[in-house]
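We name chains A, B, ... by the order of the sequence lines, and we start the count at 1 in each one. Values below: every heavy atom of this structure, side chains too, minus hydrogens, waters and symmetry copies.
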Amino acid sequence: MTSDDENPMAADAENFEDLSALFAAQDARFTEDSKASEGFVRSVMYSVRENDRRRRSILGGFGMLGGLIAGAQFPSFLALFGKALPSPMETLSPSVTQVSVDNVVIWSAVIMFAIVMGFISLAEAN
Amino acid sequence: MALDHLSDIILARKSAQKNQAAFAALVRRHNATVRAVSRRLTRGAVEADDIAQTAFLTAWRKIGTYSGGSFKSWIGMIVYREFLQYCRKRRLEVPFEEGRNTDVSDNTFLNAGHKLDLDAALNYLSEPQRICVILCVATGFTHKEAALATGWPLGTVKSHVNRGITKLRHYLTVDDVA
């Protein structure tokens, strides 16, 4: 095993340490200008806060919308279970399915949920 | 700044828990390198700082994927991807092969034997050499990391780096001898 195999990073760097040091010295000039450097940091952190705020508002907005839809459906679900509970178990499942299939609002909520999840996945992936 | 003495990995872990102060410490520590790399990749374009800023924003979103090693290389990878996006938007091509060399013999300034500063010397390299030198020499990527970032074969990257540094050394040491 050669020394290159043992530490490939060191092997890569040993040919050009002098140039790397030159680049590093040039990079340091950016930090010497502390005003510009602080301005840049502030600007990045502002974007970070804005990004988080936007993300929270989108999630919160869609969450509230979902909650409202679910809340609006709650009484009808209670009514459904009120009807379904006394009936035998074999008729419960088809009746629940039938209600869901026929109910446009439930389908809208499901589609909306899928869109929101897709949107969030896309936003997080980027 | 109480967090400034902590290591990159600890700051990154805190940032992954949405600690903005920890991330600010990372930005303070690495902004010079990131801005310099961005500026070099774009040849000093006015968008260089925007690319650097977007890179930090992406880093904030993906900080959970940083699992140790050189933070400089990790963020350098993000800067390079942002640079590629910038090229795509402007329909700029990053050539893979050497063919678009800036032929030094055509340049009267260099033929006159003048020394160049680092950035000017970089601009005399072919585009693939310039990118490989920026990634490996200025940013600290290993050859493997540079190959991964550019999608070029490892051997090609090594050859670009070697030729690039040879030329760079030459341009930096040429003196008034012509």
| What part of N162(B) lies closer than 4.5 angstrom to a heavy atom of chain A: side chain, backbone, both or neither? | side chain
| request: Measure up the Y171(B) and Y124(B) rings against each other and bin them: parallel (under 30°), tilted (30 to 60°), perpendicular (over 60°). | output: perpendicular
| message | Do E38(A) and R28(B) have side chains that approach each other closer than 4.5 Å (heavy atoms only, starting at C-beta)? | response | yes
| task | Give, as side chain, backbone, both or neither, the part of R49(A) having an atom under 4.5 angstrom from any heavy atom of chain B. | result | both
| said: So N19(B) and F23(B), do their side chains get closer than 4.5 Å, heavy atoms only? | reply: no
| At a heavy-atom separation under 4.5 Å, does L122(B) approach chain A through its side chain, its backbone, both, or neither? | side chain
| said: Just so I understand: if I count every heavy-atom pair under 4.5 Å between each of A24(A), S47(A), A21(A) and chain B, which residue has the most? | reply: S47(A)
| request: Kindly indicate whether the side chain of L26(B), heavy atoms from C-beta on, has any atom under 4.5 Å from the side chain of W60(B). | output: no
